[in-house]
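Written out below as structure tokens is the structure these notes cover.
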Amino acid sequence: MTFFLNKLRAGKFLPLLTLGLFASPVATADVGSRIWATGGVTTIEGSAGGGLVPWAMLGSYADDEEWGGTLALGRAEVDDYTLSVAGAGLNWNNRVEVTVARQTLDLDSLAFALKDGFALEQDELNQDIFGLKVRLAGDVLYSPWGQWSAGVQHKRQRDFTVPNAIGARDDSGTDVYVSGSKVFFAAVFGRNLLVNATVRGTRANQGGLLGFGGDRNNGYEAMAEGSVGVFINRQWLLGAEYRQKPDNLSFAREDDWWDVFIAWVPDRRLAVTAAFVNLGDVATLKDQQGVYLSLQGSF
């Protein structure tokens, strides 16, 4: 006992005390043994992260020698579009994450005017996304340089009519990315700070919903993405994200995306995320802003 008291006075255990903002009172084995909220939430593309940007962390609470998984539903409603997302993921040994997601973009009676004057009407666009993420090194909490992961997202259009009509080159494509995430203890008014940076190689138009490549550019470009969040307490995370986009189509300019979000983690099995999103101009329709809501279950 004297040994532990001396270590505490010397500050040796202060990092463990700081982790109290994350730790669950009881670590239930059926949802994994990692620290509270370290799996992030589910992005619109199915991988673990924020709403728009993948993070280096892997989904669920699975740690070494454990399996874990997530199920998620999300919906974004902006001025002229509605995006629905359903996704699922598996985490093996906190080393490999495998995900799948289906995106459905309701066009809300939008008619795409083609160059020859013909109006092409379609109710929705659908895209499937298959993801793989591998933790390369580090730990988001304990490593001085944070955690680093690499991932791929293979995206496939289910109906290429509209993207083909507006000049997209392909109905499928693969994004590759590298992410680094780090939690800084007591960094903002005594609160823990999460910082994430991602570099993505992509040729996707509007994340792939409008196909891949175009008449202006058909090659891969490196895009920067970032997230920052402050843990108000163990259950609440307030933050913002920014995602740079390529501009491949003459048909319509493509703007970068950003959001401001709040995530609530009332239980290790549940996470709720709400956000204000700004997608800029999308397929000739200006200044698309709205709200996003996501529910995630972990097992």
Side-chain angles (χ1 to χ4, degrees), residues 28 30-32 34 36-55 57-62 67-91 97-108 123-133 151 153-159 175 204 206-209 225 227 229 235-241 243 257-279 282 288-299:
T28 52
D30 59 336
V31 290
R34 275 164 52 199
W36 190 288
T38 52
V41 293
T42 301
T43 70
I44 60 172
E45 291 160 319
S47 60
L52 300 178
V53 178
W55 298 349
M57 294 93 88
L58 276 57
S60 83
Y61 290 94
W67 285 84
T70 56
L71 296 172
L73 295 174
R75 186 176 180 89
E77 294 192 3
V78 295
D79 296 326
D80 295 291
Y81 303 96
T82 301
L83 176 66
S84 300
V85 182
L90 286 176
N91 179 343
E97 174 190 89
V98 179
T99 58
V100 61
R102 164 71 61 83
Q103 294 180 335
T104 300
L105 181 67
D106 293 327
L107 302 179
D108 295 343
D123 291 336
E124 63 182 31
L125 300 174
N126 293 283
Q127 177 175 234
D128 293 330
I129 303 174
F130 305 93
L132 176 69
K133 186 194 299 185
Q153 295 174 344
H154 179 70
K155 305 176 179 182
R156 184 177 63 197
Q157 284 279 327
R158 297 182 64 84
D159 188 336
D175 290 359
Q206 297 297 346
L209 287 163
E225 305 175 11
S227 305
Q235 296 184 336
W236 293 92
L237 174 65
L238 177 65
E241 298 180 295
R243 177 167 169 172
W257 292 348
W258 62 267
D259 70 23
V260 177
F261 70 88
I262 186 165
W264 179 43
V265 189
D267 184 88
R268 290 167 65 84
R269 296 177 179 83
L270 177 66
V272 182
T273 306
F276 170 80
V277 295
N278 187 318
L279 307 182
V282 179
Q288 298 298 305
Q289 301 180 16
V291 295
Y292 172 72
L293 179 67
S294 173
L295 304 176
Q296 174 186 285
S298 299
F299 60 90

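Side-chain atoms are counted along with the backbone in the values below, which use heavy atoms only and exclude waters and symmetry mates. Bear in mind the structure is a predicted one, so any value in this text is a computation, not a measurement.
- Interatomic distance, Ile129 CD1 to Lys155 NZ, rounded to the nearest 0.5 Å: 5.0 Å.
- Closest non-hydrogen pair, Thr99 versus Gly89, comes out as CG2-CA, 3.9 Å.
- Taking the side chain as every heavy atom from C-beta outward, Asp128 and Arg102 approach each other to under 4.5 Å.
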Kindly determine whether Leu52 and Ile44 satisfy side-chain contact (heavy atoms from CB on, under 4.5 Å), including the steps that lead there. CA-CA 6 Å; Leu52 300 178; Ile44 60 172; 4.1 Å; yes
Go through the steps to decide whether Trp257 and Gln206 satisfy the test side-chain contact (heavy atoms from CB on, under 4.5 Å), and finish with yes or no. CA-CA 10 Å; Trp257 292 348; Gln206 297 297 346; 3.5 Å; yes
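- One finds the CG atom of Leu125 at 6.0 Å from the CD atom of Gln157 (value rounded to the nearest 0.5 Å).
- Taking OG1 from Thr43 and CZ from Arg243, the interatomic distance works out to 8.0 Å, rounded to the nearest 0.5 Å.
- Under a cut-off of 6.0 angstrom, the local environment of CZ in Arg156 is sparse, with at most 12 non-hydrogen atoms contributed by other residues, nucleotides or ligands.
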As a quick check of understanding, evaluate salt bridge (Lys or Arg N to Asp or Glu O under 4.0 Å) for Arg75 and Glu77, giving each step before the final call. CA-CA 7 Å; Arg75 186 176 180 89; Glu77 294 192 3; 2.9 Å; yes
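- Taking both residues in full, the closest heavy atoms of Ala271 and Val41 are given as CB-CG1, 4.0 Å, listed atom of the first, atom of the second, then distance.
- Taking all atoms of both residues into account, the shortest heavy-atom contact from Thr70 to Gly59 is CG2-C, 4.2 Å.
- Taking CG of Asn126 as the reference point, atom CG of Leu105 lies at 9.0 Å (rounded to 0.5 Å).
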Step-by-step side-chain contact (heavy atoms from CB on, under 4.5 Å) determination, Arg269 to Phe299: CA-CA 6 Å; Arg269 296 177 179 83; Phe299 60 90; over 6 Å; no
Kindly determine whether Thr104 and Glu124 satisfy side-chain hydrogen bond (donor to acceptor under 3.5 Å, both in side chains), including the steps that lead there. CA-CA 7 Å; Thr104 300; Glu124 63 182 31; 5.2 Å; no
Could you go step by step and tell me if Glu97 and Met57 meet the side-chain contact (heavy atoms from CB on, under 4.5 Å) rule? CA-CA 9 Å; Glu97 174 190 89; Met57 294 93 88; over 6 Å; no
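- The line from CG of Leu295 to CH2 of Trp264 is 10.5 Å long, rounded to the nearest 0.5 Å.
- For the pairing with Phe276, the ring-ring contact (aromatic ring centres under 6.0 Å, His included) check across Tyr292, Phe261, Trp258 returns one residue only, Trp258.
- In this structure, the side chains of Val265 and Leu237 stay at 4.5 Å or more apart for every pair of heavy atoms.
- Within the model, atoms CG of Leu83 and CG of Leu279 stand 8.5 Å from one another, a figure rounded to the nearest 0.5 Å.
- Closest heavy-atom contact between Pro54 and Glu225: CD-OE1, 3.5 Å.
- Minimum interatomic distance between Asp259 and Glu241 (heavy atoms only, all atoms of both residues): OD2-OE1, 2.7 Å.
- At least one donor-acceptor pair under 3.5 Å links the side chain of Gln296 to the backbone N or O of Thr42.
- Closest heavy-atom contact between Ser60 and Asn91: OG-CB, 3.5 Å.
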